[in-house]
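The block underneath contains the structure these notes are about, expressed in structure tokens.
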Amino acid sequence: MKRSRWWTGAGIAIVGYSLFPLAWMISLAFKPPSDIASGRPQFLPTSPTFGNFAKVFGQSLFTRALLNSVGIALIASLLAVVVATFAAYAIARLEFPGKRLLLSLALVIAMFPQATLVGPLFDMWRTLGIYDTWIGLIIPYLTFALPLSIWTLSAFFGQIPWELEQAAQMDGATPWQAFRKVVVPLAAPGVFTTAILTFFFCWNDFLFAIALTSTNNARTVPAALSFFQGASFFESPVPSVMAASVTVTIPVVALVLMFQRRIVAGLTAGAVKG
């Protein structure tokens with residue numbers, strides 16, 4: 001009984017420690033500038049205001065960056081999931097030399113440090129004319145999202161019995177129909193989880209977004225936040241930055257809470273054999 005209470009208390013402490021930065025961010029987002037410059041810091045705002053959010057949405061810097069983030073993340077996620085689905089299915093179903101090596105290389109590429117590629121990509125993109133464009137960010141995102149997506153999805157496809165496809169083909173279905181109507185629905189939790197994780201990776205990226213853009217043409221929200229300024233030299237931009245951060249963070253948190261069962265099912269489905 002005591003051990004159970006100890007674990008409960010430890011869990012509550014960990015959750016509180018994890019949620020405190022989010023709570024502090026929300027509090028700062030509703031604070032007027034006078035609370036930031038008062039010299040008497042306190043957790044709750046003295047007079048909560050939505051003025052910070054109105055100020056943020058009144059700036060083209062943020063609205064354009066928000067559009068860029070949504071568009072780039074959705075396109076990169078869609079391409080990664082579609083390509084990874086076919087590649088992972090082929091890896092799971094076909095036997096060919098070097099299959100294990102291919103999966104190992106995919107995992108190595110996914111874990112490769114991004115900072116080492118920023119310099120070469122900067123020079124290449126300027127030479128090719130895709131610097132500061134959507135495609136200039138989508139390609140690096142695919143480079144890191146695809147290997148991890150293939151690694152994850154190959155585990156799901158490997159758990160689907162081959163006999164189900166054979167039975168569908170015996171009933172007259174073509175290989176494409178068996179794949180589309182039998183395999184993909186069974187692997188839906190894994191595909192959905194991969195899409196969510198890929199979207200989060202693209203949505204939260206800062207390194208590529210700040211290094212491979214120079215204007216609002218393709219700059220995403222994480223990079224745009226670093227350019228926020230106060231109304232004057234003496235006004236802190238912290239409330240505006242926090243309001244923008246809350247705007248782009250809360251929907252992601254809500255998305256995870258809405259689909260947490262599917263995400264958990266997708267992350268654990270490939271872990272059990274049989």
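It should be emphasised that the depicted structure is a prediction, and the values quoted were computed from it without experimental measurement.
Alongside Leu101, the hydrophobic cluster contains Leu105 (criterion: ILVMFWY side chains under 4.5 Å).
Screening Thr213, Thr215, Asn216 for a side-chain hydrogen bond (donor to acceptor under 3.5 Å, both in side chains) with Asp132, the sole residue that qualifies is Thr215. Under the side chain to side chain contact (heavy atoms under 4.5 Å, CB included) test applied with Leu74, the options Leu78, Val70, Ile72 reduce to a single match, Val70.
Both Tyr141 and Leu128 belong to a single network of hydrophobic side chains, linked directly or stepwise wherever heavy atoms of I, L, V, M, F, W or Y lie under 4.5 Å apart. Under the 4.5 Å side-chain heavy-atom criterion for ILVMFWY residues, a single connected hydrophobic cluster contains both Phe144 and Leu212.
Residues Met242 and Asn52 are not in side-chain contact: their nearest non-hydrogen atoms beyond the backbone lie 4.5 Å or more apart. The side-chain heavy atoms of Gln114 and Asp205, taken from C-beta on, include a pair separated by under 4.5 Å. In this structure the side chain of Met25 never reaches within 4.5 angstrom of the side chain of Leu28, judged on heavy atoms. Pro32 has its side chain out of reach of Pro239: every pair of non-hydrogen atoms, C-beta onward, lies at least 4.5 Å apart. With a 4.5 Å cut-off on side-chain heavy atoms, Ser245 and Leu225 count as touching.
Remark: Leu148 CG to Trp151 CH2 distance equals 10.0 Å, nearest 0.5 Å.
The backbone N or O of Val221 sits less than 3.5 Å from a side-chain atom of Ser69, completing a donor-acceptor pair.
Within 6.0 Å of atom CZ in Arg180, more than 12 heavy atoms from other residues, nucleotides or ligands are found, so the atom counts as buried in its surroundings.
In summary, the aromatic rings of Phe30 and Phe53 are positioned with their centroids under 6.0 Å apart.
Residues passing the side-chain hydrogen bond (donor to acceptor under 3.5 Å, both in side chains) test with Trp134, sequence neighbours excluded: Asn68.
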